[in-house]
Colleague: 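This structure is in structure tokens; I'll ask about it shortly.
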Amino acid sequence: MNKIEISENILYVGVNDRDIDLFEGQYVVPEGVSYNSYLIMDEKIALMDTVDARKSEEWLANIKVILGTRQPDYLVVSHMEPDHAGSIAAATETFPDMQLVGNAKTFAFMGQFFDMDIENRKKVVSEGDELSLGSHNLKFVMAPMVHWPEVMMSYESSEKILFSADGFGKFGALDADEDWACEARRYYFNIVGKYGAQVQTVLKKLSEVEVNAICPLHGPVLKENLDYYLGLYDTWSSYRPEDEGVLVAYASIYGNTAGAAKEIADMLKEKGVKKVAVTDLARDDMAEAIEDAFRYDKMVLACSTYDGGIFPCMEDFLSHLKGKNYQKRTVALIENGTWAPMAGKKMREVLEGMKEVKVLENVVTIRSAVKEETIAALNALADEIVNS
Ligand code: FEO
């Protein structure tokens, strides 16, 4: 079992999953992921969320190590997505006296996922309701669309601990030795990014309480420097760029467009841009490209024309950006086309449908391969990006 120190009476019983190939069926997680679950020990015992069904047995064994033959009195269900709710049926069967705590939507979704007779075991709560466990007291904070409609957080007021559901979570098992922000940012923008307004609403509610520790459903328990994490969430959810920098994202068929993208990336660095990230949209992790697009204030898109339009991996990238509410950024375009270059026009049309995205007028058009005049045009575009 992971040894995670929270407090004398709040204990970690979650699990790591290092065997999963794709999280949520689409995200690569080279360092796995953790499904967090906690026990609050008091006169009454609350179990905070379950884990993915892939790990039910390990999770139930973790609980048994602490409780022996005792049962939790309550299972608090923060979120019905199967990475957390997948073991609800197993838990309900294992602990027949345990009550289930959730809101009206939680139980509607529970009925859709499971066939269980829990009518007499339901405790339905709503915004601001409290559940006393003895000296510990849980107050429920609804967090709709962070990241599903039924999501709720729980604030334990005696120890000032926030159980934050998916909020403040990250990819990576708990024994992964990696930077928090990198994998938390990739997680945030790809999973919760669309719902910045809803995250802002929750942050406002949380600003009214003192928080000593944040216990998310993925990744480490956060106990120090909480202003740093709260500050990043405020930046991310308000769609403010986190850093000055440029993401250069390219979609290239034979390498000529890629060459132009790398050329302008070098030019930007030479002109003093400290952070320049380059991504090959056909080969690199799309989720990382999305993360970098939101991280920086500027972006260059370099794309081959294909079937009279945008090369498919760039089209996919733009569709992801639109879906995640990409906004408040400056974008420069490079297109390539041997006979009828159209990618620039088509990319502009998509970008102009996004909120407060400024697309630079000047577009570099490559007619097949990078030539001397292309270098001059790229240099002029790099100047414009730096000065924009
Ligand atoms: Fe970690 Fe939205 O589930």
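Note that the coordinates shown come from a computational prediction; the quantities given were computed from them, not determined experimentally. First listed ligand is number 1; within each ligand, the first listed atom is number 1.
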Colleague: Of the non-hydrogen atoms in Phe114 and Ala85, which two are nearest, and what is the gap between them?
Modeller: CZ-O, 3.2 Å
Colleague: Between Asp166 and atom 2 (Fe) of ligand 1, is there a contact where an N/O/S atom of the residue lies under 2.8 Å from the metal?
Modeller: yes
Colleague: Examine Glu81 and say whether one of its N/O/S atoms is closer to atom 2 (Fe) of ligand 1 than 2.8 Å.
Modeller: yes
Colleague: Within less than 2.8 Å of atom 1 (Fe) of ligand 1, any N, O or S from His84?
Modeller: yes
Colleague: Closest to atom 2 (Fe) of ligand 1, which N/O/S atom of His147 is it?
Modeller: ND1
Colleague: From atom 1 (Fe) of ligand 1 out to just under 2.8 Å, does an N/O/S atom of His79 turn up?
Modeller: no
Colleague: Has the side chain of Asp284 got a donor or acceptor atom that lies under 3.5 Å from a matching backbone atom of Ala289?
Modeller: no
Colleague: Taking the six-membered ring of Phe107, is NZ or CZ of Lys122 closer than 6.0 Å to its centre and within 45° of its axis?
Modeller: yes
Colleague: Could you check which N/O/S atom of Asp83 is closest to atom 1 (Fe) of ligand 1?
Modeller: OD2
Colleague: Could you tell me if Asp166 and His84 have a donor-acceptor pair between their side chains, going purely by distance under 3.5 Å?
Modeller: yes
Colleague: For the backbone of Arg54 and the side chain of Asp52, can you confirm whether one donor and one acceptor N or O come within less than 3.5 Å of each other?
Modeller: yes
